[in-house]
J.: 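Next up is a structure, given as structure tokens.
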Amino acid sequence: MVGFCCEVLTQLVFLNVAGHTEWLHDALLPSPILVRKQLTGEPLSLPRRKPLASGTLMAAVASLVHFSLCRHSSLFHYHHLRALALSVAIPFSSSAASASSPFSTLSSSSLRQKSKRLPAAAAAAAALLEVGGVKIAKEDVVREGDPTNNVPDTIFSKLGQQLHRRDNHPLGILKNAIFDYFDGNYSGKFTKFDDLSPIVSVKENFDDVLVPADHVSRSYNDTYYIDAHTVLRCHTSAHQANLLQKGHNHFLVTGDVYRRDSIDSTHYPVFHQMEGVRVFSPDEWLASGMDATSYAAMDLKKALEGLARHLFGAVEMRWVDTYFPFTNPSFELEIYFQEKWMEVLGCGVTEQEILKRSGRMDNVAWAFGLGLERLAMVLFDIPDIRLFWSTDERFTSQFSEGQLGVKFKPFSKFPPCYKDISFWISDIFTENNLCEVVRGIAGDLVEEVQLIDNFTNKKGMTSHCYRIAYRSTERSLTDEEINHLQWSVREAVQNKLNVVLR
Ligand code: DAH
């Protein structure tokens, strides 16, 4: 693999040739650091930087730039802001984007069309997954050596698992409990979708829900790109606009969502969300004497407070104002549960622009999004997000259909083993990239990757020391196994991240 410096140079030349040096300069200006709260599937808001020029080329350029973020940065909702210089980084590959790559000809829409087959090469592949009516081969999703693709094997292996569709799984049980609430209170008015393909276009995932062109969530550092125009959805909001355009007025979308992220007991690169949307017509708010927005906000709060009570019982609740690109006003609902305030969901009154584009000039709507793992972890007392993926009978046998909130009994706690790794970082280093490399080697045996030391020497070189906790949720690991993993991790970190081990 050619060094990362060369890659950056290649990309800088590309940017220059494309005449977008101004944008690049803008991207390099000091920018807020975005610190994410500990919230799986949490909604995100974001301070805006100067808007970028739009257009396909710009989108491609933007997608080639990684933003260096701190540990808990994430997609649409940021609360704490600190100053940070952005750094430019390029995906794990050395060649520039190739317009002639077979995959770039595979449009996202063809991937997403029901029952459509993929191109010949893909079709020939032995293992075809069927996800949401779309047949997918590994080669269609994981394309090592293609700089517009950053999906690793570990992520491909999660596609099609659809934990939320298993009635005996905590996520399926929770999904069904939420469905019951809406069915019971809205006499079946809400149409439910839980099998939509997670492969969506950049347009659906971001543009259609008004995510700004310079929003950090669009970066390769945060989102899994299949190619420059196609991603693994990072939120179920990706389906809002399409469903509105198809004429749906009340709907719930549940699905697996994908985000490049740090590693700890509440963060996993694949998790599950549910999205809800309700559209009102003028007669509904006119009869109330309220203005459209106040009416929708009032109805939204009533609906979601009811949902929180349905799931958590008679808890104390509070509403917090926030920001999302797709709603205005935007709120978070928090409940007081197990002696602390906990965020349950993000929501708001849908931006008029989204409704307008779906041909609904005269309507108002509300929308919400919630992370299923986050809620299931507290409802079922599940201490580690990796457990949701466990096939160990000692886990799976503890849950059954309709049994919301049965408390998980740990079958035993295996000891963690800690190993440190220190290196001099380069400008393009990001923690999400490190975590991806560690997961690529250790898979679910890694419990946490934590920055424990960070300093810059007189020469301006910055050193990071990370502590990796190895722990299986199912068995004891041997010293030999862990040492082997750690050596492989060191090798991969050195080879793939352009850092110098210390
Ligand atoms: N899409 C948001 C996220 O993933 C969650 C969300 C927030 C969805 C507010 C909504 C909404 O529909 O109105 O962080």
Side-chain angles (χ1 to χ4, degrees), residues 34-46 72-79 164 178 182 190 193 196 198 200 204-212 215-218 222-224 231-244 248-261 266-280 293 296-297 299-301 303-304 307-308 319-334 343-355 358 364-375:
L34 308 163
V35 183
R36 194 180 68 180
K37 291 199 302 183
Q38 283 284 342
L39 199 156
T40 299
E42 84 202 276
L44 316 145
S45 61
L46 158 98
H72 289 298
S73 65
S74 187
L75 302 187
F76 303 94
H77 173 209
Y78 299 99
H79 287 260
H164 60 285
I178 302 175
F182 280 96
F190 278 81
F193 299 90
L196 299 176
V200 299
E204 289 164 315
N205 199 69
F206 297 120
D207 304 336
D208 286 354
V209 279
L210 312 180
V211 175
H215 196 289
V216 67
S217 63
R218 292 182 181 249
D222 281 33
T223 289
Y224 289 107
V231 295
L232 293 177
R233 68 181 163 215
C234 68
H235 56 171
T236 43
S237 307
H239 301 286
Q240 264 194 29
N242 269 344
L243 293 172
L244 284 169
H248 293 284
N249 287 327
H250 299 78
F251 57 87
L252 299 168
V253 180
T254 316
D256 36 332
V257 300
Y258 297 78
R259 293 182 191 175
R260 299 184 85 239
D261 214 336
T266 60
H267 289 92
Y268 200 80
V270 189
F271 57 95
H272 299 77
Q273 285 190 331
M274 188 186 292
E275 187 86 6
V277 173
R278 177 174 190 188
V279 181
F280 298 93
T293 305
D299 188 85
L300 169 70
K301 288 182 174 178
L304 296 177
L307 173 63
W319 288 98
V320 179
D321 289 335
T322 187
Y323 165 81
F324 297 107
F326 16 88
T327 47
N328 187 16
S330 304
F331 315 101
E332 284 163 4
L333 174 59
E334 295 187 348
E343 188 186 320
V344 173
L345 50 80
C347 63
V349 177
T350 304
E351 280 284 0
Q352 273 304 312
E353 181 63 22
I354 297 177
L355 292 176
S358 75
V364 68
W366 57 240
F368 72 86
L370 55 81
L372 291 177
E373 275 85 347
R374 176 177 171 63
L375 302 187

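Counting starts at 1 for both ligands and their atoms, in listed order.
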J.: Against heavy atoms of Q240, which atoms of ligand 1 measure under 4.0 Å?
T.: 12 (O)
J.: Are any non-hydrogen side-chain atoms of D256 and H164 less than 4.5 angstrom apart?
T.: yes
J.: What do you reckon, does A367 have a nitrogen or oxygen under 3.5 Å from a nitrogen or oxygen of ligand 1?
T.: yes
J.: Heavy-atom distances under 4.0 Å decide this one: backbone, side chain, both or neither, for R259 against ligand 1?
T.: side chain
J.: Would you please classify the geometry between the F190 ring and the H250 ring as parallel, tilted or perpendicular, with 30° and 60° separating the classes?
T.: perpendicular
J.: Can you list the ligand 1 atoms lying under 4.0 Å from a non-hydrogen atom of G348?
T.: 13 (O)
J.: For ligand 1, which atoms sit closer than 4.0 Å to a heavy atom of T327?
T.: 13 (O)
J.: Could you work out, for atom 2 (C) of ligand 1, the closest of F368, Y323, F326 by heavy-atom distance?
T.: F326
J.: Taking the six-membered ring for Trp and the single ring otherwise, decide whether the centroids of H235 and F326 are under 6.0 Å apart.
T.: yes
J.: Taking all heavy atoms of L244 and all of V277, pick out the closest pair and write down the distance.
T.: CD2-CG1, 4.2 Å
J.: Determine yes or no for a side-chain-to-main-chain donor-acceptor pair under 3.5 angstrom, with T223 supplying the side chain and S217 the backbone.
T.: yes
J.: By number and element, which atoms of ligand 1 are closer than 4.0 Å to a non-hydrogen atom of C347?
T.: 9 (C), 11 (C), 13 (O)
J.: Which of these passes side chain to side chain donor-acceptor pair (under 3.5 Å) with H239: E275, R233, H248?
T.: R233
J.: Are R233 and ligand 1 in contact, using a heavy-atom cut-off of under 4.0 Å?
T.: no
J.: Excluding sequence neighbours, so at least two apart, what forms side chain to side chain contact (heavy atoms under 4.5 Å, CB included) with D208?
T.: K203, E204, A241
J.: Can you name the atoms of ligand 1, numbered from 1 with element, that are less than 4.0 Å from a heavy atom of Q273?
T.: 3 (C), 4 (O)
